[in-house]
Amino acid sequence: MKNKGIIAEIQVLIANGISNIYGNEINPDSVVINQTKKEFEGDYTVVLFPFVKQLRTSPMDLGDKLSEYLKSESSKIIGVSLVSGFLNVQLSDQAWKDQLSLISNQENYGERVGNGKTFMVEFSSPNTNKPLHLGHIRNILLGDSCGKIYKVMGYKVIVTQVINDRGIAVCKSMYAWSKLSDGETPDSANLKGDHFVGKYYVKYNQLLEQEYQSWQKTDTAKNLYKEKAKEGQSVEDYFKSYKNQYFNEFSKIGAETKEMLLKWESGDSETVALWQKLNSWVYEGFDVTYKNLGVEFTKNYYESDTYKLGRSAVEEHLEKGLFERREDGSIWVNLEDIGMDKKILLRSDGTSLYITQDIGTANVRYEDFHPDKMVYVVGDEQDYHFKVLFEILKRMGKPYADGMYHLSYGMVDLPTGKMKSREGTIVDADDLLVEVIKEAADAAKEVGSLDDLPIGEQEEIFRKIGMGALKYQLIRINPRKRITFDPAASIDMQGVTGPYIQNAYVRIQSILRRLGEGYNQNEGEYTLFEDEKELLILMNHYPYTIKEAADNYDPSIVATFSYNLAKAFHRFYQERSLLNAESEEAKNFRIKLIREVAKVLKLSMALLGIEMPNRM
RNA sequence: GGCUCCGUAGUUCAACUGGAUAGAAUACCUGACUACGGAUCAGGAGGUUGAGGGUUCGAAUCCUUCCGGAGUCACCA
């Protein structure tokens with residue numbers, strides 16, 4: 001960044017001041033600067049306590065001396081007041097006007113020049129046996145937003161996903177389709193491809209359940225219950241927990257499905273053709289959902305390509321003594337020295353596991369793109385898995401091991417608890433998008449402010465508002481926290497919401513429209529009001545907000561920023577006339593100001609993947 | 001049980017990573033401009049930051065012991 005802004009300037013001034021007066025060297029970045037609380041006079045506040053011990057002085061004394069220094073050194077600072085260890089600094093109007101000009105000169109304010117580094121983010125990573133759901137949406141929004149944030153931080157960004165396109169679950173849909181479809185296709189059934197395949201996945205489970213039910217009446221099953229059930233365990237309870245074992249040991253359908261998987265693995269052409277057909281339908285469906293969510297991937301990795309990877313890497317490091325082989329041939333890593341346990345890396349039959357694959361995939365990605373950072377957006381239920389994975393890669397001495405990060409986020413719950421496919425409580429992504437856009441449309445029609453627009457344009461606006469509301473609602477919350485989402489309750493459009501922020505932008509656009517294209521006057525002499533300064537202080541903080549969000553992999557920080565800026569604008573708007581301002585100078589300044597407010601609102605919301613309508 | 005995460009107004013969330021009297025929204029109550037767009041604004045009420053102890057100029061934040069909730073501890077992914 002060429003200009004580091006006013007905050008950095010004050011930090012340097014303080015550091016220099018201390019160096020001049022006391023001879024101690026202070027790192028400017030360590031100087032804590034806060035926005036001054038409303039009750040006190042000033043724009044920024046320097047916290048003096050951290051220095052008093054080191055300098056062996058009192059806050060009062062330090063404050064007095066720094067006050068003198070600041071006033072004499074910087075023409076931008078016109079007032080300094082000391083309140084119990086806090087130094088409140090007031091900047092001149094001219095300093096703020098200069099800051100505004102600086103912002104207006106940067107089309108992409110807040111964006112940093114390229115740093116030559118590459119940032120890779122993985123998210124979504126769906127299975128190809130059913131459509132995306134609400135949980136995926138949170139995942140996707142987080143990952144997409146992180147990519148956008150790192151983009152403006154100057155990184156080259158690679159957006160990727162691992163598509164889990166193989167395995168027993170995928171074979172289940174294939175099996176059901178081949179048995180029950182009678183050649184039905186998404187076209188003939190008039191269903192989106194992923195929903196179509198998901199339908200057969202559901203059918204499969206019904207089929208299996210039927211088979212299981214009748215099996216439970218056989219003598220084999222009854223004897224099993226008598227012998228193996230725990231004291232007092234009911235029949236239902238026992239067979240509920242036995243289902244997985246039944247699938248593996250007794251089920252005819254299960255056996256046939258597993259045979260299908262084996263055939264697929266051996267490359268049987270008929271099975272592979274079936275697999276390709278169903279997956280291609282699913283991808284068509286996913287493409288639509290991704291497009292509606294506004295996300296694009298630069299590179300997809302397919303599990304069918306990567307599931308055998310990692311084996312050689314593990315074997316190689318086994319020879320180096322990093323891992324141990326047990327008698328049965330399985331290979332393990334021992335992480336007990338750092339308080340974790342032993343983890344299996346290769347099965348006794350030599351096949352890979354999830355973690356083996358991840359090792360292999362990380363290697364391939366590094367070879368493909370040489371990323372400096374690799375971020376995995378995956379739910380917090382896999383926290384331990386990633387701790388283990390990163391530790392193993394570190395021990396393997398991978399050059400990229402230090403740049404790996406697991407962006408862990410909390411699950412999305414319903415008011416009734418977890419989403420469960422078995423209980424049919426999954427909130428489908430496509431349905432939800434339709435629903436929120438409809439809600440936005442209903443709200444807009446009630447207001448009636450768009451009635452003069454052609455239907456097509458209206459619908460585009462409904463979409464932006466509905467999507468903005470949904471995205472904002474999900475992304476404004478700290479990723480670590482679980483979210484309870486009630487699909488039955490209508491989406492919020494008032495208060496801390498996407499539409500509230502969009503509305504601030506729309507109000508500005510409305511004024512600028514009335515003003516006409518060519519309006520661009522210099523402001524001249526003008527004394528700033530507090531609410532105007534507030535907007536400048538906030539906008540001035542935007543680059544720091546981006547950095548903070550990037551450092552913490554936390555888009556919710558940007559979401560909060562956008563809201564605060566919108567709120568400050570709404571307040572200002574209520575209080576000050578723009579088009580009929582009290583003077584030409586006031587009008588000119590305010591127009592310039594709100595142009596930049598609109599710009600920063602749009603830029604910051606874009607980082608969350610939220611679009612701004614010009615009207616609403 | 002071991003480890004990890006979470007616990008803040010009735011509810012949903014903040015709190016610049018240890019800084020001033022813990023802030024918003026929502027719901028509730030009271031108000032505002034004959035409209036630069038009311039999807040707005042102002043005000044009121046609402047808190048022992050789960051509980052106790054410690055660290056220090058200063059703690060929602062760090063340490064510790066409890067309490068409550070979630071996740072995870074597979075030759076599953």
Side-chain angles (χ1 to χ4, degrees), chain A residues 7 32-37 39-40 45 47-50 52-53 58-59 83-86 88 125 127 164 167-169 244 303 326 328-332 339-341 343-349 351-355 357-358 379-385 387 408 410-411 413 418 440 443-444 446-447 449 465 469 473 476-478 480-484 492-504 506-515 541 544-545 548 551-552 556-557 559-561 563-564 566-567 569-581 587 590 594 615-616:
Chain A
I7 295 175
V32 178
I33 308 240
N34 300 324
Q35 190 180 335
T36 303
K37 300 254 173 191
E39 311 86 271
F40 302 99
T45 297
V47 184
L48 298 178
F49 291 110
V52 298
K53 193 177 271 179
S58 70
V83 184
S84 61
F86 297 91
N88 298 322
S125 298
N127 296 319
N164 300 111
I168 195 74
N244 207 21
E303 199 199 348
R326 288 193 181 170
D328 61 6
S330 57
I331 296 176
W332 295 71
M340 303 203 265
D341 40 13
K343 192 87 186 171
I344 184 161
L345 299 179
L346 278 180
R347 292 192 183 94
S348 47
D349 65 5
T351 55
S352 303
L353 292 100
Y354 183 43
I355 194 149
Q357 257 184 69
D358 274 351
D380 60 10
E381 55 199 354
Q382 293 192 38
D383 283 355
Y384 187 70
H385 169 79
K387 263 176 106 169
S408 165
M411 299 286 107
D413 292 325
K418 287 184 87 161
E446 211 177 296
V447 178
S449 57
I465 298 172
Q473 194 155 318
R476 84 181 179 92
I477 292 164
N478 185 317
R480 253 195 328 275
K481 296 195 173 178
R482 290 181 89 95
I483 294 181
T484 303
D492 293 336
M493 308 227 224
Q494 273 159 8
V496 190
T497 65
Y500 175 94
I501 300 165
Q502 289 170 327
N503 185 232
V506 164
R507 282 177 143 180
I508 296 172
Q509 295 313 308
S510 173
I511 292 169
L512 297 178
R513 261 199 308 276
R514 282 165 190 272
L515 211 55
H541 204 261
Y544 295 86
T545 301
E548 202 190 331
D551 288 346
N552 292 291
S556 74
I557 293 171
T560 302
F561 169 86
Y563 171 75
N564 286 334
K567 184 179 169 62
F569 169 77
H570 278 307
R571 189 183 291 149
F572 158 80
Y573 175 90
Q574 202 81 14
E575 195 63 32
R576 312 276 164 225
S577 277
L578 278 290
L579 297 176
N580 300 309
K587 178 176 173 182
R590 286 173 195 162
I594 64 168
R615 295 179 50 177
M616 66 192 286

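Chain letters run A, B, ... following the sequence lines, proteins first and then strands; every chain starts at 1.
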What verdict does the side chain to side chain contact (heavy atoms under 4.5 Å, CB included) test give for A/Tyr573 and A/Arg507, after you've listed the backbone C-alpha separation in whole Å, the side-chain angles of each residue and the deciding distance to 0.1 Å? CA-CA 9 Å; A/Tyr573 175 90; A/Arg507 282 177 143 180; 3.3 Å; yes
Kindly indicate, with the supporting measurements, whether the criterion side chain to side chain contact (heavy atoms under 4.5 Å, CB included) is fulfilled by A/Glu548 and A/Phe561. CA-CA 11 Å; A/Glu548 202 190 331; A/Phe561 169 86; over 6 Å; no
What's the verdict on side chain to side chain donor-acceptor pair (under 3.5 Å) for A/Arg326 and A/Ser330, showing C-alpha distance, side-chain angles and the deciding distance? CA-CA 6 Å; A/Arg326 288 193 181 170; A/Ser330 57; 5.1 Å; no
Does A/Asp492 form a side chain to side chain donor-acceptor pair (under 3.5 Å) with A/Thr497? I'd like the steps, not just the answer. CA-CA 7 Å; A/Asp492 293 336; A/Thr497 65; over 6 Å; no
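Along RNA chain B, the nucleotide closest to A/Arg476 and the one closest to A/Glu39 are compared, and the more 5′ of them pairs with A/Arg476. The residue among A/Gly339 and A/Ser84 whose nearest nucleotide of RNA chain B lies closer to the 5′ end is A/Gly339.
One finds the CG atom of A/Leu353 at 7.5 Å from the CG atom of A/Leu346 (value rounded to the nearest 0.5 Å).
Residue A/Met493 has its side chain nearest to B/A39 when only B/A39, B/C16, B/U40 are considered. Closest to the A/Tyr500 side chain, of the nucleotides B/C41, B/A74, B/U12, is B/C41. With B/A20, B/G37, B/U4 as the candidates, the nucleotide lying closest to the side chain of A/Thr36 is B/A20. Closest contact between the side chain of A/Ile511 and the listed nucleotides B/C36, B/A24, B/C13 involves B/C36. The A/Arg480 side chain lies nearest to B/C6 when the options are B/G37, B/C6, B/A20. Taking every side-chain heavy atom of A/Tyr573 into account, B/C36 is the closest of B/A20, B/U40, B/C36. Closest contact between the side chain of A/Tyr384 and the listed nucleotides B/U72, B/C16, B/G71 involves B/U72. Listed nucleotides: B/C13, B/A14, B/A20. Nearest to the side chain of A/Lys481: B/A14. Nearest nucleotide to the A/Tyr354 side chain, out of B/G37, B/A77, B/G71: B/A77. Here B/C76 is the nucleotide among B/C76, B/A25, B/G37 with the atom lying nearest to any side-chain atom of A/Leu353.
Note on A/Arg482: every side-chain N or O is 4.0 Å or more away from OP1 and OP2 of B/G71. For B/G37, the OP1/OP2 oxygens have a side-chain nitrogen or oxygen of A/Arg514 closer than 4.0 Å. Between A/Lys567 and B/A25 there is a side-chain N or O to OP1 or OP2 distance below 4.0 Å. Phosphate contact (OP1/OP2 of B/U40, side-chain N/O of A/Arg571, threshold under 4.0 Å): absent. Within the 4.0 Å cut-off from OP1 or OP2 of B/A14, not a single side-chain nitrogen or oxygen of A/Thr560 is found.
For A/Phe40 and B/A20, the ring-to-base geometry satisfies the stacking test (centroid distance below 5.5 Å, interplanar angle below 30°). A/Tyr563 does not qualify as a stacking partner of the B/A24 base, lacking a centre-to-centre distance under 5.5 Å together with planes within 30°.
Residue A/Ala444 is classed as a base contact, given a heavy-atom separation below 4.0 Å to a base. Looking at heavy-atom distances under 4.0 Å, A/Glu303 makes contact with sugar-phosphate atoms alone, never a base. Among the protein residues, A/Gln382 comes within range of the nucleic acid bases, having at least one heavy atom under 4.0 Å from a base atom. Using a 4.0 Å heavy-atom distance criterion, A/Asn552 is classed as a base contact. A/Leu578 comes within 4.0 angstrom of a base, heavy atoms only. Residue A/Arg615 is classed as a base contact, given a heavy-atom separation below 4.0 Å to a base. Within the nucleic acid shown, A/Thr45 comes within 4.0 Å of at least one base atom, counting heavy atoms only. In this structure, A/Ile465 reaches the bases: a heavy-atom distance under 4.0 Å links it to at least one base atom across the strands shown. Contacts of A/Val32 with the nucleic acid, taken as non-hydrogen atoms under 4.0 Å apart, are absent. If you check every strand for non-hydrogen atoms under 4.0 Å, A/Asn34 touches a base. A/Lys418 comes within 4.0 angstrom of the backbone, heavy atoms only, and of no base.
A/Arg576 places its CZ atom 13 Å from the C1' atom of B/C41, with the value rounded to the nearest Å. In this structure, the CG atom of A/Leu512 is 11 Å from the P atom of B/G37, given to the nearest Å. A straight line from NE2 of A/His570 to P of B/A24 spans 16 Å, rounded to a whole angstrom. Here B/A27 presents its P atom at 7 Å from CD of A/Gln494, a figure rounded to the nearest Å. Distance, A/Asp358 CG to B/A77 C1': 10 Å, rounded to whole Å. To the nearest angstrom, C1' of B/C13 lies 16 Å from CG of A/Asp413. Taking atom CD1 of residue A/Ile483 and atom C1' of nucleotide B/C5, one finds them 15 Å apart after rounding to whole Å. Protein atom CZ of A/Arg507 is 15 Å distant from nucleotide atom P of B/A35, rounded to whole Å.
Shortest non-hydrogen contact noted between A/Ile465 and A/Gln502 is CA-OE1, 3.6 Å.
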Please convert RNA chain B into dot-bracket. A pair counts if it is Watson-Crick or G-U wobble with both distances under 3.5 Å; crossing pairs go in [ ] and bases paired with another strand get |. (((((((..((((.....[...)))).(((((.......))))).....(((((..]....))))))))))))....
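A donor-acceptor pair under 3.5 Å is formed between the side chain of A/Thr545 and the backbone N or O of A/His541.
Remark: the A/Asn88 side chain and the B/A20 base include a donor-acceptor N/O pair separated by less than 3.5 Å. Residue side chain A/Asp380 does not reach the base of B/U4 through any donor-acceptor N/O pair under 3.5 Å, judged by distance alone. Side chain A/Ser556 to base B/A14: no donor-acceptor pair is found below 3.5 Å.
Applying the side-chain contact (heavy atoms from CB on, under 4.5 Å) test between A/Tyr500 and each of A/His570, A/Gln494, A/Met493 identifies A/His570 as the sole match. With respect to A/Arg590, the side-chain contact (heavy atoms from CB on, under 4.5 Å) criterion is satisfied by exactly one of A/Ile511, A/Leu579, A/Leu578: A/Leu578.
Taking the O4'-C1'-N9-C4 or O4'-C1'-N1-C2 dihedral as appropriate, B/U72 has a value more than 90° from 0 and is therefore anti.
The closest side-chain heavy-atom distance from A/His385 to A/Asp358 is below 4.5 Å.
The gap from the C1' atom of B/C29 to that of B/G71 amounts to 42 Å, rounded to the nearest Å.
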Under 4.0 Å protein heavy-atom contact, by nucleotide of nucleotides 54-64 of chain B - B base, S sugar-phosphate only: ---B-------
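Few gaps surround CG on A/Asp349; more than 12 heavy atoms of other groups in view lie less than 6.0 Å from it.
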